[in-house]
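Report on the following structure.
Side chains are part of it too, since the values below use all heavy atoms of this structure and drop only hydrogens, waters and symmetry mates. In what follows, chains carry the letters A, B, and so on, assigned in the order in which the sequence lines appear, proteins first and then strands, with residues in each chain numbered from 1.
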Amino acid sequence: MTAHGTTPHQPIFAGDVLAKLEALYPKYPDKRSVLLPALWLVQEARGWVSDDAVREVAERLDLTPSYVRGVLTFYTMYHKHPVGRHFIQVCTTSPCGMCGAEDVARTLVEHSGCGDLGATSPDGRFTVIEVECLGACGFPTPILIDDDFIESVTPERVPELLARYP
Amino acid sequence: MGYPHPIHPRETPVLSQHFGQAAARTYTGWVERGGYQALRKAIGMAPDDIIAEVKASGLRGRGGAGFPTGLKWSFMPKDDGKPHYLCCNADESEPGTFKDREVMRWTPHALIEGCAIAQLAIRADVTYIYIRGEFTEPYHVMQRALAEAYAEGVLGANALGSGKRIDMVIHRGAGAYICGEETAMMNSIEGRRGNPRIKPPFPAVAGLFGQPTTINNVETLAAVPAIINRGAAWYAGLSLSSPKSTGTKLISVCGHVQRPGTYEITLGFPMKDLIYDLCGGMRPGRTLKAVIPGGSSVPIMTPDEVEACPTDYEGIVAHGSMLGSGGMIVMDDSTDLVYQIMRLARFYAHESCAQCTNCREGTAWTTRILERMLAGEGKQSDLDLLLDLSDQMTGKTICVLSDSCAAPVVSGIHKFRADFDACLSRVRPAVMAGV
Ligand SMILES: Cc1cc2nc3c(=O)[nH]c(=O)nc-3n(C[C@H](O)[C@H](O)[C@H](O)COP(=O)(O)O)c2cc1C
Ligand code: FES
């Protein structure tokens, strides 16, 4: 993370990431359709999508930054701000809620040191957010830690799970 | 099979027979299990004959609406010289639904094969498989399988040596339930916000990139190879009830049952047996209170309605709800329906794309009123207010997300009035006094 305006933006689309972007073009009839995958590439490379990144994506895909921002903000999985080193999503929708998901969410918030849903722990290690149905309702409570999809999480399992993510 | 449980003797494992077998995920493992024979056969068929076979099988959409699949395919224009597209709907985000992920996680090649056959039938140039962003494992499994299918020459410029071109692209979503709605999905693939489009034009006329497009659910497409292999008559014969409900259906069961999981039944299978026999019934000491049989968007059923209900399209309608996606939420007598309905309303309020006023405002207000009731600040008139609001939210918007929010509210108030009355009787004295 850099303070705004102090460090010049290092281009994201260079080397491997640029090669991945270019490999996407032939899959779609136009450049605009590459927008969602391009934003995923940005998030994989930088952890979030900054204003500079929005401008860079817009430039690459012949779109305007405001168009890109309009699409970016529609989709909840793109981070519009930096988040903790490990990003935790916990489902609390009815089927999971009926089976104890709210206790899991509370325990995650407490043990991660985040203090509140949506907040990042002071050591920058975790961000915990509540999400709607993760499509694994038979295995309450499913959580995502980064890209790891973990099922049947109970409050008791939380400390051990968090310990795996230094 | 009742993943993660062994196959129950009363299941009919067609799609799920290889769930849980890691080897079935690989190209070699899939071919050993009879994979890609159906595609080979379909390559030798005229597109219209594939469509006729699927029509005759009686296969209906497994994504929620139950539209006959062969009929949908027949709407695609012929010899129009335009590019055609197939979209595979792998957005699976409807609360209670977790069946498509098992198809993708365990039998990715079944889905690829189904998509390839559908692509031939509708003369499509490319299939876009839209997988919700949270499905990290299904996404990786599908990516690997697709790369293998290209490497093995199943897909590409000369699919299975036929000289025909079959191309597929996996497109990853980024968190938005609404992108499961077919026209929202098309916008999302096109790099736009996921707002549903006004119909007409229907997708078969102007869909993805403005071209003729068909969209089908994962389970629908994965059912196609078996139909081509074993014939329409075999599939149509799989029915325990109405001839309008044929084949097998994956039902994902969650909530207060002893063995939640994904089960495969022949359509028409008694709902009661599904809950008590396959899923092991309620937890000890508990009794059944309510069932939402087809994902959170369908009306709630009472135990009386469940009693003699066949699990199929017509049967569930006759017993007060809909088969929908086949995502079944079972609730026992410990459940406060008002709280659960509020939680579902909050889901819809969170997921509304906000372009239609009745949906944007209606889902938010429904949630607020229910929250207020649960906080002990409800009024008797709130029930009429909720019903009136639900009426304004039904049949008045571009897509049916708004209707879906109203369904549990209306059915809940009508069928589980006691829960609402109990909630209202917990009203704080200060509110009663009008302070
Ligand atoms: C708000 C909303 C969400 C939907 N989500 C899904 C979904 O996640 N998966 C799906 O297959 N269909 C979903 N549908 C239904 C699709 O619009 C479409 O009817 C379906 O994919 C067609 O495929 P089928 O005929 O094979 O069922 C949704 C519909 C609406 C209105
Ligand atoms: S409700 Fe939690 S995963 Fe579906």
Which atoms of B:V253 are under 4.5 Å from chain A, going by heavy atoms: the side chain, the backbone, both sets, or neither? backbone
Which atom pairs, one a donor and one an acceptor, fall under 3.5 Å between side chains of residues 10-23 of chain A and the rest of the protein, sequence neighbours left out?
none

B:H171 side chain to A:L36 backbone, donor-acceptor under 3.5 Å: no
Do side-chain atoms of B:T136 reach the backbone of A:D147 as a donor and acceptor pair under 3.5 angstrom? yes
Applying a strict 4.5 Å limit to non-hydrogen atoms, the region of B:N195 in contact with chain A is both
Which portion of B:R132 sits near chain A, non-hydrogen atoms under 4.5 angstrom: side chain
Does any N or O in the side chain of A:W40 come within less than 3.5 Å of the main-chain N or O of B:G173, such that one atom is a donor and the other an acceptor? yes
Go through the atoms of B:Y128 and report whether side chain, backbone, both or neither lie under 4.5 Å from a heavy atom of chain A. side chain
Looking only at side chains, do B:Y339 and A:S94 share a donor and an acceptor under 3.5 Å apart? no
Ignoring hydrogens and angles, state whether a donor on the side chain of A:S33 or B:R192 is under 3.5 Å from an acceptor on the partner side chain. no
Okay, B:S188 and chain A: the region with an atom under 4.5 Å from a heavy atom over there is both
Counting only N and O atoms by type, is there a donor-acceptor contact under 3.5 Å from the side chain of B:R343 to the main-chain atoms of A:G97? no
Quick one: what part of B:L344 sits under 4.5 Å from any heavy atom of chain A, side chain, backbone, both or neither? both
Between A:L144 and chain B, with a heavy-atom cut-off of 4.5 Å, which part of the residue counts as in contact: side chain, backbone, both or neither? side chain
